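Below, all heavy atoms of this structure are taken into account, side chains as well, without hydrogens, waters or symmetry copies. Just so it is clear, the model here is predicted, and its values are computed rather than measured. Sequence lines set the chain letters: A, B, ... in the order given, protein chains first and strands last, and positions in each chain run from 1.
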There are 2 protein chains.
Amino acid sequence: MKLTTKGRYAVTAMLDLAIHYGEGPITLADIAQRQGISLSYLEQLFSRLRKQALVSSVRGPGGGYSLGKEAREIFIGEVIAAVDENMDTTKCHGAHNCQNNERCLTHDLWSDLSDQIYTYLNNISLQDLMDRKAVREVAERQEHGEVDASVLDQVSSPAGV
Amino acid sequence: MKLTTKGRYAVTAMLDLAIHYGEGPITLADIAQRQGISLSYLEQLFSRLRKQALVSSVRGPGGGYSLGKEAREIFIGEVIAAVDENMDTTKCHGAHNCQNNERCLTHDLWSDLSDQIYTYLNNISLQDLMDRKAVREVAERQEHGEVDASVLDQVSSPAGV
DNA sequence: GAAATCTTGACTAATTTAGTTGGGAAAGTA
DNA sequence: TACTTTCCCAACTAAATTAGTCAAGATTTC
Ligand code: FES
Ligand code: FES
């Protein structure tokens, strides 16, 4: 199993897009600055996200990226898979052949663990994350430079949603 | 999060020890051969397992390793942690400071995921694994070179347990 | 046609993985 | 005592991966 900054950045960037949905296309430069991610690295990640239709793009001035479908329909597992991190924890990648072409002693353990992780991540959508208070807090800080807790109690829908 | 052959080998080797419990100390050479793991690599892993008292050792001819406590009391999570793979999936390792010394947008997501994995692995003991039919099948094959399915229905307790 | 933005591919330093190599130290056995 | 078996330990290494950078180009808007 791999879960590195690649996957974390992809989810973070997608969540940033979701939060700013309704403001028109969002540039990678904005995301890079808000989330503290290298712009060129983001470019690589969005290339993959676009191939999976998780985002759509518009070029030229005023352009940028938007979600490819509704935040409610994009699951964390998809995003991570799109940038190529696979959540499988078996050594054989499901083939039951990691020892001498036969099943090793612990295959089922890793297989079950993978199912757990897979199920967990595929049941959380970007919308679910946005609904969390802690996420709204951080988003607010990123917008204004500091946390304004009062805004958070209003369950303010971000402009246009 | 890291889950690589290091952690897998450690669990596999510990399970091998559990299966052969009651046969006296088991040599690393035996484990290496049965499980297809490099002997010197096993030595490194067992050095760590011993420091955590998960195994105890006897030197000299007839020596080898045994479980440090009962199979029922050794949990997979402990074994993986002992060889230094940490199941934490947050970037900040729990410190809430991965972006500019403040919490990033997705901290809680990874934190919750880590809890899931942690809980899962810490509720499965070596004994639980041994009780699985698939594990007994593989162990049987490793012993005799091929699977003898008839043995598996007798829930045969391995010699001396 | 200039500027903003996405798009692509090649390159790279640092780190990690999965080992190997080579030496010991302790214990049993003759 | 000598010999062998086992554990113990530390240093080294090839290959892969990570987290990027760099440079060039394609589209679109103004
Ligand atoms: S992990 Fe699938 S056979 Fe070993
Ligand atoms: S993962 Fe903890 S603050 Fe980002």
Original post:
Below 4.0 angstrom from OP1 or OP2 of C:dT17, is there any side-chain N or O of B:T5?
Top reply: no
Subject >> Flag side-chain contact, heavy atom, 4.5 Å: A:L113 against A:I117 >> reply: yes
Subject >> Euclidean distance, atom CG of residue B:L45 to atom P of C:dG19 [Å, nearest integer] >> reply: 10 Å
Original post:
Residues two or more places apart in sequence or in another chain: which of them pass side chain to side chain donor-acceptor pair (under 3.5 Å) with B:T106?
Top reply: A:T12, B:W110
Subject >> Which residues share a salt bridge (Lys or Arg N to Asp or Glu O under 4.0 Å) with B:R50, sequence neighbours left out >> reply: none
**OP:** Please state how far atom CD in A:Q44 lies from atom C1' in C:dT8, giving the value in whole angstrom units.
**Re:** 10 Å
Subject >> Protein-nucleotide distance (B:R48, atom CZ; D:dA10, atom P), rounded to Å >> reply: 11 Å
**OP:** Give one of base, sugar-phosphate or nothing for B:Y65, where a contact means two heavy atoms less than 4.0 Å apart.
**Re:** sugar-phosphate
Original post:
Taking for each residue the nucleotide of DNA chain C with the nearest heavy atom, is it B:E43 or B:E85 whose nucleotide lies nearer the 5' end?
Top reply: B:E85
Subject >> Whole angstrom value for the distance that separates C1' of D:dT6 from CG of B:L17 >> reply: 15 Å
Original post:
Considering heavy-atom distances to DNA chain C, does A:S47 or A:G62 have its closest nucleotide positioned more toward the 5' end?
Top reply: A:G62
Subject >> A:R50 vs C:dT8: side-chain N/O to OP1/OP2 distance below 4.0 Å >> reply: yes
Original post:
In chain order, what residues pass the salt bridge (Lys or Arg N to Asp or Glu O under 4.0 Å) check against B:R72, with sequence neighbours excluded?
Top reply: none
**OP:** Send over the distance from B:L3 CG to C:dT17 P, rounded to a whole Å.
**Re:** 11 Å
Subject >> Between D:dG20 (P) and A:F46 (CZ): distance, integer Å >> reply: 15 Å
Original post:
Pick the nucleotide of DNA chain D nearest each of A:K2 and A:G60; which residue has the one closer to the 5' end?
Top reply: A:K2
**OP:** Go through the structure and list residues passing side chain to side chain donor-acceptor pair (under 3.5 Å) with A:E85, not counting sequence neighbours.
**Re:** A:T4
**OP:** Consider the side chain of A:S57, meaning its heavy atoms from C-beta on, and name the nucleotide among C:dC6, D:dC9, C:dA27 that approaches it most closely.
**Re:** C:dC6
**OP:** Output the residues of residues 25-41 of chain A in contact with DNA chain D, where contact means a heavy atom of the residue under 4.0 Å from an atom of the strand; sort by number or write none.
**Re:** A:S38, A:S40, A:Y41
**OP:** Calculate the interatomic distance between B:Y9 atom OH and C:dT16 atom P; express it in whole Å.
**Re:** 20 Å
Original post:
Heavy atoms, side chains only, cut-off 4.5 Å: are B:Q116 and B:T119 in contact?
Top reply: no
Original post:
Taking the side chain of B:T4 as its heavy atoms from C-beta onward, which of D:dT6, C:dT17, D:dA19 lies nearest to it?
Top reply: C:dT17
**OP:** Please list, chain by chain and in numerical order, all residues satisfying salt bridge (Lys or Arg N to Asp or Glu O under 4.0 Å) with B:D88, sequence neighbours excluded.
**Re:** none
**OP:** Report yes if a side-chain nitrogen or oxygen of A:R59 is closer than 4.0 Å to either non-bridging phosphate oxygen (OP1 or OP2) of D:dT29; otherwise report no.
**Re:** no
Original post:
To the nearest Å, how far apart are B:L42 CG and C:dA18 C1'?
Top reply: 12 Å
